[in-house]
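Okay, structure first, notes after.
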Number of protein chains: 2
Amino acid sequence: MKLDQAKQEFIQSWGILGSQWGINRTMAQIHALLLVAPDALSADDVMEQLQISRGNANMNIRELISWQLVQKILKPGERKEFFVAEKDIWMVAMRIIAQRKKREFDPLLETVTSLQEIEGDGKNQADIKAFTETMKNIERFAKKGDKALNGLLTANENWFTGTLLSLFK
Amino acid sequence: MKLDQAKQEFIQSWGILGSQWGINRTMAQIHALLLVAPDALSADDVMEQLQISRGNANMNIRELISWQLVQKILKPGERKEFFVAEKDIWMVAMRIIAQRKKREFDPLLETVTSLQEIEGDGKNQADIKAFTETMKNIERFAKKGDKALNGLLTANENWFTGTLLSLFK
DNA sequence: CTGTACTTTCAAAATTTTCTGAAAATAAAA
DNA sequence: TTTTATTTTCAGAAAATTTTGAAAGTACAG
């Protein structure tokens with residue numbers, strides 16, 4: 001297989017993977033493109049290589065920056081902005097985990113916690129008990145996951161590879 | 001807050017969470033509804049409570065069954081089918097992890113492995129090297145993740161709570 | 001068999017998400 | 001300041017996804 005063909009295939013796969021995980025396909029493709037680009041690319045480069053509009057490119061690049069997966073680079077003498085992706089896959093994974101935890105996991109935890117205060121009217125005590133138990137179980141599980149994720153986020157790859165992974169043999 | 005109101009809120013939150021993770025909102029809502037239902041529900045119950053069509057209910061219930069998150073129950077004497085959700089949150093999480101790993105993670109691993117065989121034409125050796133390195137890094141990381149997930153999937157909640165979590169203090 | 005109760009399918013409709021492109025905004029250069 | 005290069009915004013268009021509902025399929029009961 002030729003290099004350009006392989007890059008194309010990688011960009012497509014990464015895009016599909018992203019879209020299955022609730023991430024805009026184009027955003028994932030731009031990320032893939034920058035991951036395999038030898039140098040920083042401009043918005044125009046991205047537009048041309050992925051055949052997308054300026055607005056689309058701009059919006060998704062900025063989203064990638066807010067996820068801390070891409071950085072803006074200013075080249076001396078150039079007016080254009082250039083972009084590079086975080087190339088360390090461990091860092092990429094940790095940034096994604098951190099974002100999703102903050103945006104989705106933490107709010108869920110708040111919700112299930114708050115839903116445990118139910119007014120009882122005497123008649124449906126058993127039902128209330130059952131519902132509250134379910135919420136408590138989700139909360140307990142989520143708190144454990146929270147702890148594990150926080151641990152992972154403050155760990156580094158060596159620790160993951162060595163200490164943690166050895167537990168799974 | 002009243003019980004029914006709390007259930008509604010939980011169903012909505014679970015639905016939003018699902019949709020952010022690439023799971024059909026209705027599928028997540030049906031799952032939530034069954035999670036907080038005291039007894040097994042029929043397709044008609046689901047249709048009525050979520051105000052959705054028969055086709056939609058049928059399709060999403062069957063998808064939940066294929067994810068092993070919901071089970072079909074046959075009540076003696078009744079012709080209708082009834083459905084119950086797996087209520088153990090640990091099991092729910094493991095089933096989801098197992099499905100997604102199989103459907104998305106494993107294929108990615110295959111792709112990045114296969115993309116490492118690039119025809120070199122002498123001129124772009126450095127570029128090929130860089131691309132192959134990136135694929136190798138993703139592969140290495142994915143293999144470690146694979147191992148960790150397999151470990152988690154064969155573990156049980158106690159082990160997670162005790163042994164693993166203690167590492168994160 | 002025939003009728004009845006229910007489940008499944010799928011084409012078309014509705015909805016949601018994403019993308020475009022031109023106009024407005026910004027900022028550096030002249 | 002004015003011109004020019006570049007980025008940002010956002011309303012409408014396009015595309016993708018989800019939902020509907022009626023018809024077809026299945027299977028049990030009589």
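So that the names make sense, note that chain A is the first sequence line, chain B the second, and so on, each numbered from 1. Please read these numbers as outputs of a predicted model, since none were measured by experiment.
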Carboxylate-amine/guanidinium proximity below 4.0 Å for B:Asp121 and A:Lys2: no
DNA chain C: 5'-proximal contact among A:Gln51 and A:Gly77 (nearest heavy atom): A:Gln51
Salt bridge (Lys or Arg N to Asp or Glu O under 4.0 Å) pairs, two or more places apart, involving residues 17-30 of chain B: none
Interface residues of residues 61-70 of chain B with DNA chain D (non-hydrogen, below 4.0 angstrom): none
Protein-nucleotide distance (A:Leu74, atom CG; D:dT6, atom P), rounded to Å: 13 Å
Close side-chain approach of A:Gln29 and A:Trp14, heavy atoms under 4.5 Å: no
Partner residues of B:Lys7 under the salt bridge (charged side-chain N to carboxylate O under 4.0 Å, His left out) criterion, sequence neighbours left out: none
A:Glu133 CD: over 12 foreign heavy atoms closer than 6.0 Å: yes
Any donor-acceptor N or O pair under 3.5 Å, side chains B:Ser42, B:Asp45: yes
B:Glu104/B:Gln99 under side-chain hydrogen bond (donor to acceptor under 3.5 Å, both in side chains): CA gap, chis, key distance, verdict: CA-CA 8 Å; B:Glu104 295 138 22; B:Gln99 287 293 326; over 6 Å; no
Distances for protein N or O near nucleotides 28-30 of chain D N or O, under 3.5 Å:
unit_1, atom_1, unit_2, atom_2, d
D:dC28, O2, B:Arg79, NH2, 3.3

Strand contacts (DNA chain C) in residues 52-59 of chain A, 4.0 angstrom heavy-atom criterion: A:Ile52, A:Ser53, A:Gly55, A:Asn56
Set of residues satisfying ring pair (Phe, Tyr, Trp, His ring centres under 6.0 Å) with respect to B:Trp90, sequence neighbours excluded: B:Phe160
Listed partners of B:Phe105 passing ring pair (Phe, Tyr, Trp, His ring centres under 6.0 Å), at least two apart: none
Separation of atom CZ in A:Phe82 from atom P in D:dA5, rounded to whole Å: 15 Å
Touch class at under 4.0 angstrom, heavy-atom based, for B:Glu78 against every strand present: nothing
Derivation and outcome, side-chain hydrogen bond (donor to acceptor under 3.5 Å, both in side chains), residues A:Thr132 and A:Gln116: CA-CA 5 Å; A:Thr132 310; A:Gln116 290 175 41; over 6 Å; no
Ring pair (Phe, Tyr, Trp, His ring centres under 6.0 Å) involving A:Phe141 - partner list, sequence neighbours excluded: none
Salt bridge (Lys or Arg N to Asp or Glu O under 4.0 Å) contacts touching residues 56-66 of chain B (sequence neighbours left out): B:Glu63-B:Arg103
Side chain proximity check, B:Gln5 to A:Ile118, heavy atoms < 4.5 angstrom: no
For DNA chain C, the residues among residues 14-49 of chain B that have a non-hydrogen atom under 4.0 Å from it: none
Residues B:Glu157, A:Lys144: salt bridge by 4.0 Å N-O rule: yes
B:Gln125 CD: over 12 foreign heavy atoms closer than 6.0 Å: yes
B:Phe168 six-ring face occupied by A:Lys147 cation (under 6.0 Å, within 45°): no
Over 12 non-hydrogen atoms of neighbours within 6.0 angstrom of CE in A:Met59: no
Pair assignment for DNA chain C - dot-bracket with | for other-strand partners, Watson-Crick or G-U under 3.5 Å: ||||||||||||||||||||||||||||||
Interface limits on DNA chain C, where chain B has a heavy atom under 4.0 Å of a nucleotide atom: C:dT4 to C:dT9
Heavy atoms from other residues, nucleotides or ligands near CD of B:Glu78 exceed 12 (cutoff 6.0 Å): yes
